Amino acid sequence: MTLLRTDGLTKRFGGLTAVDSVDFELAADECCSLIGPNGAGKTTFFNLLTGTLSATEGRIEYRRGSERADGSGGSSTAAGDTEGFRDVTDASPDETARLGIHRSYQITNVFPTSTVLENVRIAAQAHGGADGMRLWRNVNAFPEYEAEAREILERVELLEHAESTAEALSHGQKRHLEVAIALAGDPDLLLLDEPTAGVSRDGVDRIVDLIDDVAADHAVLLVEHNMDVVMDVSDRIAVLHQGELIADGDPEAVRADPAVQRAYLGGYDEDEGDAGTETGVSEA
């Protein structure tokens, strides 16, 4: 079942077209990696899907049935919605999050002086609607959010660090914490933006295991430069180049695609490890 789809999605910054008429679909049970050289438009595409940027042209649709049971999130259903989808092209980041689209970021984005538990609990409260964000009430009035946070921390193997401050974690552990924060509120779709960036080789293996675990019960859209990770975790790979979607298919088909070889993979060899891994992380 398709969970998310785009139709002619385009984003221009003046004379630069960062995302160029992209038609894309993601199934509810799929882990898809979005790859491409720096500047290809990957992070811009993420920002469009989550409402951080407004589209210049095109449409983003999300399956309406994924809306929260309490009716929270999203703008009112547009007249053009069809087949159980709703138009979320102009939805704000808050609206898309309440609909069940959560994300992590390239740069570690946590509250460093708060505890690991507080980071996840606050995220759970934020997704809990107006009642959860009654900040004048004592935190002990919301035991359900602490219970949710502890359950998530156990899943990402950080429960033993629950009372530590986030700044005391290693870089790899902070990446796990970001995934934990993204899991708060029980999303349907996780967008993970370079979760292995700056992580040691041993830490990358643990993050791969975490992605595999999360993908078992969530749709995952992953931006990643480490091709070993991409080939390991992906059901499907989509390739952006200069804002255009130039390939979309299973990992073996995409790796063998001549256009992808020219634009991005270069000398990647599965037996050689990360020969095709890029080192840069910034892009338009």
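Remember, predicted model here, so these are calculated numbers, not experimental data.
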- Stepwise side chain to side chain contact (heavy atoms under 4.5 Å, CB included) check, Q125 with R121: CA-CA 6 Å; Q125 283 185 242; R121 177 182 55 76; 2.4 Å; yes

- Side-chain contact test, heavy atoms from C-beta onward, threshold under 4.5 Å: evaluate it for L53 versus L48 and give yes or no. yes

- Message: If you define the side chain from C-beta out and look only at heavy atoms, does anything of Y62 sit under 4.5 Å from D188?
- Response: yes

- Message: According to salt bridge (charged side-chain N to carboxylate O under 4.0 Å, His left out), who are the partners of E224, at least two apart in sequence or on a separate chain?
- Response: none

- For the residue pair D193 and K42, establish whether any side-chain heavy-atom pair is separated by less than 4.5 Å. no

- Message: According to a hydrophobic-cluster definition based on side-chain heavy atoms being under 4.5 Å apart (Ile, Leu, Val, Met, Phe, Trp, Tyr only), do V233 and L191 belong together?
- Response: no

- Which of D87, T89, D90 passes side chain to side chain donor-acceptor pair (under 3.5 Å) with R59? Answer is D87

- Note on the structure: Residues pairing under side-chain hydrogen bond (donor to acceptor under 3.5 Å, both in side chains) where one sits in residues 232-241, two or more places apart or in two chains, turn out to be E30-R236, S33-S234, R236-D248

- Item | Note: E252-R255 ion pair, threshold 4.0 Å (strictly below) | yes

- Task: Would you list the pairs meeting ring-ring contact (aromatic ring centres under 6.0 Å, His included) in which at least one residue belongs to residues 23-50, sequence neighbours left out?
- Result: F24-F45

- I would like to know whether R175 and R206 meet side chain to side chain contact (heavy atoms under 4.5 Å, CB included); could you show each step before the answer? CA-CA 10 Å; R175 289 298 191 184; R206 288 191 289 272; over 6 Å; no

- Identify, with sequence neighbours excluded, every residue that meets salt bridge (charged side-chain N to carboxylate O under 4.0 Å, His left out) alongside E244. none

- In short, I246 meets A259 closest at the heavy-atom pair CD1-O, 4.0 Å

- Note on the structure: Looking only at heavy atoms, the pair that brings E148 and A124 closest together is OE1-CB, 3.6 Å

- Item | Which atom of A162 lies closest to which atom of T115, heavy atoms considered | O-CB, 3.5 Å

- Separation of R98 CZ from E95 CD (nearest 0.5 Å): 10.0 Å

- Task: Give a yes or no on whether L190 and V199 share a hydrophobic cluster (residues Ile, Leu, Val, Met, Phe, Trp, Tyr; joining criterion: side-chain heavy atoms under 4.5 Å apart).
- Result: yes

- Task: For R63 and T2, indicate whether the former's side chain and the latter's backbone hold a donor-acceptor pair under 3.5 Å.
- Result: yes

- Nearest atoms (heavy-atom pairs only) where A238 meets L245: CB-CD1, 3.7 Å

- With rounding to the nearest 0.5 Å, note down the distance linking CG in L117 to CD1 in I122. 9.5 Å

- Query: Would L210 end up clustered with Y105 when hydrophobic side chains under 4.5 Å apart are linked, directly or stepwise?
  - Reply: no

- Query: Going from CG on D228 to CZ on R201, what distance comes out if it is rounded to the nearest 0.5 angstrom?
  - Reply: 7.5 Å

- Item | Short side-chain to backbone donor-acceptor contact, T56 and R12, under 3.5 Å | yes

- Message: If hydrophobic clusters are built by linking Ile, Leu, Val, Met, Phe, Trp and Tyr wherever their side-chain heavy atoms come under 4.5 Å apart, do V156 and V208 end up in the same one?
- Response: yes

- Item | Contacts of type side-chain hydrogen bond (donor to acceptor under 3.5 Å, both in side chains), residue D257, not counting sequence neighbours | none

- Message: For the CG atom of L3 and the CZ atom of F85, what is their distance to the nearest 0.5 Å?
- Response: 7.5 Å

- Task: Show the numbers, then the answer: is there a side chain to side chain contact (heavy atoms under 4.5 Å, CB included) between N47 and R103?
- Result: CA-CA 10 Å; N47 288 337; R103 70 170 294 178; 2.6 Å; yes

- For A166 and N119, the nearest pair of non-hydrogen atoms, with its separation, is CB-ND2, 3.7 Å

Show me the side-chain donor-acceptor pairs of residues 15-22 shorter than 3.5 Å, one per line, residues at least two apart or across chains.
none

- Message: Test of understanding: with salt bridge (charged side-chain N to carboxylate O under 4.0 Å, His left out), list the residues that count as partners of D217, not counting sequence neighbours.
- Response: R155

- Message: Tell me every residue that passes side-chain hydrogen bond (donor to acceptor under 3.5 Å, both in side chains) with S114, counting only those two or more places apart in sequence or in another chain.
- Response: none

- Message: Does E154, at its CD atom, have more than 12 non-hydrogen atoms belonging to other residues, nucleotides or ligands within less than 6.0 Å?
- Response: no

- Please answer whether the main-chain N or O of V110 pairs with a side-chain N or O of E178 as donor and acceptor at a distance below 3.5 Å. no

- Task: Starting at CG of D213, measure out to CD1 of I207 and round the result to the nearest 0.5 Å.
- Result: 13.5 Å

- Residues at least two apart in sequence or cross-chain that pass side-chain hydrogen bond (donor to acceptor under 3.5 Å, both in side chains) with R150, listed by chain then number, are E146, E163

- Using the rule that two of Ile, Leu, Val, Met, Phe, Trp, Tyr join whenever any of their side-chain heavy atoms come within less than 4.5 Å, decide whether L49 and L222 are in one cluster. no

- Task: State, with a plain yes or no, whether a side-chain heavy atom of C32 is found less than 4.5 Å away from one of L221.
- Result: yes

- Message: As a quick check of understanding, evaluate side chain to side chain contact (heavy atoms under 4.5 Å, CB included) for Y145 and H127, giving each step before the final call.
- Response: CA-CA 10 Å; Y145 297 120; H127 293 298; over 6 Å; no

- Query: Could you give all pairs that pass the ring-ring contact (aromatic ring centres under 6.0 Å, His included) test and reach residues 175-217, with sequence neighbours left out?
  - Reply: none

- Sorted by chain and residue number, the side chain to side chain contact (heavy atoms under 4.5 Å, CB included) partners of D23 (sequence neighbours excluded) come out as D7

- Task: First locate atom CG of N226, then atom OG1 of T196, and finally report the distance between them rounded to the nearest 0.5 Å.
- Result: 5.0 Å

- Query: Which pair of non-hydrogen atoms, one from P37 and one from A263, has the smallest distance, and what is that distance?
  - Reply: CG-O, 3.8 Å

- Query: Looking at residues at least two apart in the chain, or sitting in another chain, which of them share a side-chain hydrogen bond (donor to acceptor under 3.5 Å, both in side chains) with E157?
  - Reply: none

